[in-house]
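What follows is a single structure, written as structure tokens, with notes after it.
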Amino acid sequence: MNSKKVISAVLLVSDGPVEHEYFEKLLTINNSELINLIDEINANFENADIGFFIKYNNFKSDIVTKSEISDLLGDVKPPAILRGLSTPALETLAIIAYEQPVTKMKISEIRGVESESSIKTLESRGLIEKGGELDVPGNPILYTTTELFLQKLDLSSISNLPTIGEYFNKAEEE
Amino acid sequence: MNSKKVISAVLLVSDGPVEHEYFEKLLTINNSELINLIDEINANFENADIGFFIKYNNFKSDIVTKSEISDLLGDVKPPAILRGLSTPALETLAIIAYEQPVTKMKISEIRGVESESSIKTLESRGLIEKGGELDVPGNPILYTTTELFLQKLDLSSISNLPTIGEYFNKAEEE
Amino acid sequence: MENIQVIENLKSLLVEYTSNTETQIANNLTMIFQSFQNKSLKEDIDNYAEFVLLGASLFELKAKRLLPQDEEVDWLDEVELIKDKDLAFARLLQFKAFTEVGLALAIKVKQTEREVPAFKYYQTSSLSVKPEIRYNIDITKFTETANEVFSRYKTIQGFSHIDKELPDLQVAIDDLLKLVDKRLNTTFEELVSSVNSSQEAVAFFLALLEAVRWGFIKAEQTNVNKEIIIEKNYE
């Protein structure tokens, strides 16, 4: 079986990243062989001036466009998920990301203002979701971030979020 | 500007084929120059054993998997379409279910956010389909739910959808 | 993390103040100022004048403590007051941190979105074996979502007003930086002269504040009546 053909075609039609394990089983190859094949495909794309490449980490891979031509993609590019969002919504997102699972009341308490509409906006964009209820009278809803949120931040898990202090160190350097 | 990069990347992320005219305007090249570039990309893909190519006719082009991929994969299923539905997708599905047949614009209006990518996701999962066009200038596409949608919700017909809140008059009587 | 530690130190100092001896108080203060020395924390503090205020309150408290005193009860009131202040400061600090973290997240999302993933779902039609569909739709969740989306539409007409009227800060920051880049040395008045609406001007002003805060550009006004001079920060 031609492994490079299968890897490239499957990544093209897949909805989201494909786990390395899938290819390793399908092609009966080990992890380093798989990574070598992906690197080889990427070198081919690079040499041929192709505008996309296979992005991968330790667990999975996906075909994505090169970031330097982002501005030339124009209308075919999907709309930005944060388009039109205001800073209150971003604050709310940050609070949910770092305090999750968290209730609406706790969010409003931290922000010092009512946060219902920010929460709804973020929910309708698919960045946060209801993730259970707090086991106290009234059973308030708990909010968590979604898989899409992780994808948009290029993180494999919430535990990989930078510590809050890191943001400030970076900002100082820029 | 690197034309091969732009052509390949635009085709990768476009939702369906792209008309030649689009590239000719974007890159200020004529038709035969465009076809030459596409042929060059295809030769690169072929030499590098890539499992897809740019299929084109006199008017448009698109990236498609090579037909032998089916044989190479045998009876193995590509790992696509395995994930659950996100809130944006579920919201979009709910609107189409209750308002069908409905246009993309109406869906976006009700949700308050652009819903193109949700529609694409739902269509790819076979839960909605294009069901004709609205008879107004521009002929926008109308979306309806599918048989699979009814199966997934264990309903025999759309008229058996649960009544919801205050949105519909009949719900108010309950 | 260090913030929490400092706040904890401050709290314990304040709570134990009345019963502590002078030596203990001095030790506590030393501990706090030692944690202030921590490099990353110091950078944090540069952003937060609140810490300075909090420190000042402590000195105030210490100064009062050194004065001859009549009754202990006054001190308890004083401590209660400062404990409230402490909580208020802590909350303000937390809130400001989240605002900036939110912006940092937004910038990261924007970078990630420059790489658009492939999903030629309709190409699966050429595959003899279709991808499996393994998910289920929960009818309760579906109904809840339907209820929510329609009631939201009915009550506040969706979020189109938010999308249209509020400026996209990130876009405004990018536009601003581009303009400043082009002109190197310019004035705020000149930058806003090209905007078409008051909303855009607001977006520009907010973007200016953010860009200054992040250190991308410098803004200076030597006199209230003078123009605001904008230039790129090369430091």
Side-chain angles (χ1 to χ4, degrees), chain A residues 9 11-17 52-53 55 62-71 73 76-78 80-95 97-98 109-112 117 120-121 123-124 149 151-154 161-172 174, chain C residues 1-3 39-41 43-44 46-47 91-92 94-95 97-106 108-124 126-127 131 141 144 148-149 152 156 158-160 162-171 206 210 213-216 233:
Chain A
L11 287 177
L12 183 83
V13 297
S14 290
D15 178 9
F52 48 77
F53 70 106
K55 188 179 179 175
D62 201 2
I63 293 190
V64 301
T65 57
K66 287 187 174 169
S67 61
E68 75 254 27
I69 57 158
S70 171
D71 298 334
L73 294 181
V76 295
K77 196 168 57 171
I81 194 158
L82 298 178
R83 190 178 56 112
L85 283 193
S86 55
T87 40
L90 292 181
E91 265 156 40
T92 307
L93 182 62
I95 291 168
Y98 281 90
E109 194 191 306
I110 293 175
R111 293 192 55 222
S117 75
K120 284 204 164 167
T121 307
E123 213 183 349
S124 71
F149 170 81
Q151 270 177 35
K152 291 286 177 184
L153 280 174
D154 202 13
L161 267 176
T163 60
I164 290 194
E166 281 174 55
Y167 292 109
F168 300 100
N169 291 340
K170 273 183 211 149
E172 292 287 328
E174 275 167 8
Chain C
M1 289 304 118
E2 286 103 343
N3 283 343
K39 192 187 163 291
S40 66
L41 185 67
E43 283 167 357
D44 253 2
D46 288 340
N47 289 322
R91 189 166 293 171
L92 190 59
Q94 199 179 22
F95 165 67
F98 280 123
T99 311
E100 303 208 1
V101 170
L103 281 167
L105 290 177
K108 174 75 179 150
V109 167
K110 218 187 149 208
Q111 281 165 358
T112 310
E113 281 191 333
R114 292 182 69 82
E115 292 171 347
V116 186
F119 177 28
K120 307 297 271 187
Y121 69 88
Y122 49 89
Q123 289 306 338
T124 55
S126 65
L127 298 173
K141 201 178 170 203
E144 271 174 21
E148 195 163 315
V149 72
R152 193 174 69 204
I156 54 171
F159 290 96
S160 48
I162 290 176
D163 274 356
K164 277 176 198 136
E165 282 168 26
L166 277 189
D168 186 333
L169 199 52
Q170 198 49 51
V171 172
L206 286 174
E210 284 304 326
R213 199 146 66 110
W214 285 82
F216 297 140
N233 195 355

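Convention: sequence-line order gives letters A, B, ...; per-chain numbering from 1.
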- Message: Going by the rule salt bridge (Lys or Arg N to Asp or Glu O under 4.0 Å), which residues pair with A:K55 if we only count those two or more places apart in sequence or in a different chain?
- Response: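 Once residues adjacent in sequence are excluded, the partners of A:K55 under the salt bridge (Lys or Arg N to Asp or Glu O under 4.0 Å) criterion are A:D154, C:E115.
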
- Task: Could you tell me the separation between the CZ atom of C:R114 and the CG atom of A:L73, rounded to the nearest 0.5 Å?
- Result: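 Going from CZ on C:R114 over to CG on A:L73, the span is 9.0 Å.
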
- Please flag which part of A:F53 lies under 4.5 Å from any non-hydrogen atom of chain C: side chain, backbone, both or neither.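 It is the side chain, since no backbone atom gets that close.
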
- Query: Checking heavy atoms, do the side chain of A:K152, its backbone, both or neither come under 4.5 Å from chain C?
  - Reply: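 For A:K152, the contact with chain C is made by backbone and side chain together.
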
- Message: Tell me every residue that passes side-chain hydrogen bond (donor to acceptor under 3.5 Å, both in side chains) with A:E68, counting only those two or more places apart in sequence or in another chain.
- Response: B:K5

Heavy-atom closest pair, residues [X] and [Y]:
| X | Y | result |
| --- | --- | --- |
| A:L90 | C:A106 | CD1-CB, 3.7 Å |
| A:A94 | C:L105 | CA-CD1, 3.9 Å |
| A:L153 | C:T112 | C-OG1, 4.1 Å |

- Message: side chain to side chain contact (heavy atoms under 4.5 Å, CB included), that's the test. Do A:I81 and C:E113 meet it? Break it down for me.
- Response: CA-CA 9 Å; A:I81 194 158; C:E113 281 191 333; 3.4 Å; yes

